[in-house]
Engineer: 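Structure incoming, see below.
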Protein chains: 2
Amino acid sequence: MRLTTKGRYAVTAMLDLALYGEQGPISLADVSSRQDISLSYLEQLFAKLRRKDLVQSVRGPGGGYRLTKPLEEIYVAEIIDAVDERVDATGCAGNADCHGGTTCLTHHLWADLSDKIHHFLSDISLASLVQSNNVQSISARQRQAELEASFAGDKISLRALES
Amino acid sequence: MRLTTKGRYAVTAMLDLALYGEQGPISLADVSSRQDISLSYLEQLFAKLRRKDLVQSVRGPGGGYRLTKPLEEIYVAEIIDAVDERVDATGCAGNADCHGGTTCLTHHLWADLSDKIHHFLSDISLASLVQSNNVQSISARQRQAELEASFAGDKISLRALES
DNA sequence: ATTAAAACCTAGTAATCTACTAGGATATAT
DNA sequence: ATATATCCTAGTAGATTACTAGGTTTTAAT
């Protein structure tokens, strides 16, 4: 089964859009610096997310990405599926040909597990993540850190504080 | 998260012991030919299973491995843990330092998922697998195939049929 | 005692995949 | 015109997996 940074990054980045994207499109450069994900890697992930119609792009200065649907209608499972991370615990992609063309002894166990995982991730929307205490507090801390970083930086930081 | 053939092979092999090991120890050569898993790879997996006290070995001719506990007390989660380290969907091994030392936005999501998976696999014993219809029917088919293979083989097959 | 069957051990390795870099082309607000 | 952004393709270091190779030790059977 696969669940690596690819899928985790995709969900984290989509959650970033959910948290910061209310006013307008968010550039991947912003997501990259906030969530500590390589910009070029994000570009590749968002190409897939766009192909699956989970985000829309706006090109040119001031552009970026926005979510195509309301937070309530975007589920974690979709995001992971979109970036090609098959959440599948079987060794045969569910084809039941794991033992030289026939079904291996444990096939159904892994198929059941895959179902459980998919159900779990299909029940969680971006909206429910945004509302959760965990995400709220981490997001608050990230905003705080960003503020302090810009404060320690140059004059532009003062304007950031005022707005 | 990790769930590859390593963990799947381990569970399949342990299930093979559960199905065939009532009379005495089972050699890895037998498991290898029945379940189509490389012998040397099995040896490496069973070294770990033995270290975790899930199996006992008997050396010398007629030797092999037997389960250390009754089927009811061996859970799939233990087996995977023994060879795979951990079924963990977080990127930080549960340390919550996934975002440059701090907790990333989605950490709790993956931690929750890991819990769910672990619970699922902790509830399934070798005994319950052996009793399941799926395993029963696949096991019956494997015994049948083995019988036919030995029948098509040499004289020894006749003795196998009689016993 | 010899032989053979088994566990036990260690090192190496081809193939695969991940996460990423590099270096652009294209679109568009200012 | 310029800068900012998406968009696109190719390549690649490093890690991991699944396995092979080549032994040694133990022990039942002859």
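Chain letters run A, B, ... following the sequence lines, proteins first, then strands; residues in each count from 1. Since the structure is predicted, the reported quantities are computational estimates derived from the model, not experimental observations.
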Engineer: With sequence neighbours excluded, what pairs up with B:Tyr75 under the side-chain contact (heavy atoms from CB on, under 4.5 Å) test?
Structural biologist: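 Testing B:Tyr75 for side-chain contact (heavy atoms from CB on, under 4.5 Å), a comparison that skips the adjacent residues, returns B:Glu78, B:Ser125.
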Engineer: Walk along nucleotides 9-16 of chain C from 5' to 3' and tag each nucleotide B, S or - by protein heavy-atom contact under 4.0 Å, base first, then sugar-phosphate.
Structural biologist: B-B-----
Engineer: Using a 4.0 Å heavy-atom cut-off, does A:Tyr65 contact any base of the nucleic acid, only the sugar-phosphate backbone, or nothing at all?
Structural biologist: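 Since only primed, P, OP1 and OP2 atoms lie under 4.0 Å of A:Tyr65, the category is sugar-phosphate.
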Engineer: Using a cut-off of strictly less than 4.0 Å between a heavy atom of the residue and any atom of DNA chain D, enumerate the qualifying residues of residues 13-20 of chain A by number.
Structural biologist: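 Nucleic-acid contacts, sorted: none.
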Engineer: Can you name the nearest heavy-atom pair linking B:Leu105 to A:Ser139, along with the distance?
Structural biologist: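 Of all heavy-atom pairs spanning B:Leu105 and A:Ser139, the closest is CD2-N, 4.2 Å.
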Engineer: For the pair made of CZ in B:Phe46 and P in C:dC8, what is the distance, rounded to whole Å?
Structural biologist: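 Atom-to-atom, B:Phe46 to C:dC8, this comes out as 11 Å.
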Engineer: Rounded to the Å, how far apart are A:Leu42 CG and D:dA5 P?
Structural biologist: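 After rounding, the gap between these two atoms is 14 Å.
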Engineer: Do the side-chain N or O atoms of A:Tyr9 get closer than 4.0 angstrom to the phosphate oxygens (OP1, OP2) of C:dT18?
Structural biologist: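 False: A:Tyr9 side-chain N/O out of range (4.0 Å or more) of C:dT18 OP1/OP2.
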Engineer: Near DNA chain C, counting only heavy atoms under 4.0 Å, which residues of residues 27-39 of chain A show up?
Structural biologist: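 Contacts with DNA chain C under 4.0 Å: A:Ser38.
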Engineer: Using the C1' atoms of five pairs at each end, what's the angle between the two axes of the helix from C:dA1-D:dT30 to C:dT30-D:dA1, to 10 degrees?
Structural biologist: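 Inter-axis angle at the termini of the helix from C:dA1-D:dT30 to C:dT30-D:dA1: 0°.
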Engineer: Does the ring of B:Tyr20 carry B:Arg143 above it, NZ/CZ under 6.0 angstrom from centre and within 45° of its axis?
Structural biologist: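 The answer is yes; both the distance and angle limits are met.
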Engineer: Not counting sequence neighbours, which residues clear side-chain contact (heavy atoms from CB on, under 4.5 Å) with B:Ser38? List them please.
Structural biologist: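 Partners of B:Ser38 by the side-chain contact (heavy atoms from CB on, under 4.5 Å) criterion, ordered by chain and then number, come out as B:Ser40, B:Tyr41.
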Engineer: For B:Val58 and for A:Thr5, locate the closest nucleotide of DNA chain C by heavy-atom distance; then report the residue assigned to the nucleotide nearer the 5' terminus.
Structural biologist: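 Mapping each residue to its closest nucleotide by heavy atoms, the 5'-most match is B:Val58.
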Engineer: Say whether A:Arg8 and B:Thr106, considering side chains only, have a donor N or O and an acceptor N or O under 3.5 Å apart.
Structural biologist: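 No.
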Engineer: Rounded to whole Å, please give me the gap between CG in A:Leu45 and P in C:dT18.
Structural biologist: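 One finds 12 Å between P of C:dT18 and CG of A:Leu45, rounded.
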Engineer: Determine the minimum heavy-atom distance between A:Ala18 and A:Leu126, stating which atoms define it.
Structural biologist: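 Where A:Ala18 meets A:Leu126 most closely, the heavy atoms are CB-CD1, 4.4 Å.
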Engineer: Could you pull out all residues at least two apart from B:Ser132 that satisfy side-chain contact (heavy atoms from CB on, under 4.5 Å)?
Structural biologist: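 In terms of side-chain contact (heavy atoms from CB on, under 4.5 Å), with neighbours along the sequence ignored, B:Ser132 is linked to B:Asn134, B:Val135.
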Engineer: Would you please name every residue forming a side-chain contact (heavy atoms from CB on, under 4.5 Å) with B:Pro70, sequence neighbours left out?
Structural biologist: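 Scan of B:Pro70 (side-chain contact (heavy atoms from CB on, under 4.5 Å), adjacent residues dropped) gives B:Glu72, B:Glu73.
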Engineer: Would you please confirm or rule out a distance under 4.0 Å between OP1 or OP2 of C:dC20 and any side-chain N or O of A:Tyr41?
Structural biologist: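 Answer is no, no contact under 4.0 Å.
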Engineer: Under the ring pair (Phe, Tyr, Trp, His ring centres under 6.0 Å) definition, can you give me all pairs with a residue in residues 94-132 of chain B, not counting sequence neighbours?
Structural biologist: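 Pairs touching residues 94-132 of chain B that pass the test: none.
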Engineer: Who are the salt bridge (Lys or Arg N to Asp or Glu O under 4.0 Å) partners of A:Lys48, not counting sequence neighbours?
Structural biologist: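 With neighbours one apart ignored, the set is A:Asp84.
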Engineer: Can you tell me how far P of C:dA19 sits from NZ of A:Lys48, to the nearest Å?
Structural biologist: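 Atom NZ in A:Lys48 sits about 11 Å away from atom P in C:dA19.
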Engineer: Taking atom types as modelled, find out whether B:Thr68 and B:Asp53 have a side-chain donor-acceptor pair closer than 3.5 angstrom.
Structural biologist: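 Their side chains do not contain a donor-acceptor pair, so the 3.5 Å distance test is not met.
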Engineer: Below 4.0 angstrom from OP1 or OP2 of D:dC7, is there any side-chain N or O of A:Ser57?
Structural biologist: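 It does, given that an N or O in the side chain of A:Ser57 lies less than 4.0 Å from OP1 or OP2 of D:dC7.
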Engineer: Looking only at non-hydrogen atoms, find the nearest pair between A:Ser32 and A:Leu39 and report the distance.
Structural biologist: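 Taking every non-hydrogen atom into account, OG-N, 3.6 Å.
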Engineer: What pairs of residues pass the salt bridge (Lys or Arg N to Asp or Glu O under 4.0 Å) test when at least one of them lies in residues 11-30 of chain A, not counting sequence neighbours?
Structural biologist: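 Salt bridge (Lys or Arg N to Asp or Glu O under 4.0 Å) check on residues 11-30 of chain A returns A:Asp16-A:Arg34.
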Engineer: List in chain and number order the residues that pass salt bridge (Lys or Arg N to Asp or Glu O under 4.0 Å) with B:Lys52, two or more places apart in sequence or in another chain; answer none if no residue qualifies.
Structural biologist: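 Scan of B:Lys52 (salt bridge (Lys or Arg N to Asp or Glu O under 4.0 Å), adjacent residues dropped) gives none.
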Engineer: Starting at atom CG of A:Leu49, determine the distance to atom P of D:dC8, rounded to an integer number of angstrom.
Structural biologist: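 Interatomic distance, CG of A:Leu49 to P of D:dC8: 14 Å.
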Engineer: Run the side-chain hydrogen bond (donor to acceptor under 3.5 Å, both in side chains) test on B:Gln131 and B:Gln136 for me, step by step, so that the C-alpha distance in whole Å, both residues' side-chain angles and the decisive distance to 0.1 Å come before the verdict.
Structural biologist: CA-CA 7 Å; B:Gln131 283 156 22; B:Gln136 285 288 334; over 6 Å; no
Engineer: Hey, does the side-chain of B:Arg59 have a donor or acceptor N/O within less than 3.5 Å of a partner on the base of D:dT26?
Structural biologist: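 There is none.
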Engineer: Rounded to whole Å, please give me the gap between CD in A:Gln56 and P in D:dA5.
Structural biologist: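 Going from CD in A:Gln56 over to P in D:dA5 covers 19 Å.
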Engineer: Take the protein atom CD1 of A:Ile80 and the nucleotide atom P of C:dT18, then report the distance between them rounded to whole Å.
Structural biologist: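 Checked: the CD1 to P distance equals 14 Å.
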Engineer: Take atom NZ of B:Lys6 and atom C1' of D:dT16, then tell me their distance rounded to the nearest Å.
Structural biologist: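 Atom NZ in B:Lys6 sits about 8 Å away from atom C1' in D:dT16.
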Engineer: I want to verify a distance call: between D:dT4, C:dA19, C:dC20, whose nearest atom is closest to the A:Pro61 side chain?
Structural biologist: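 The answer is D:dT4, which lies nearest to the side chain.
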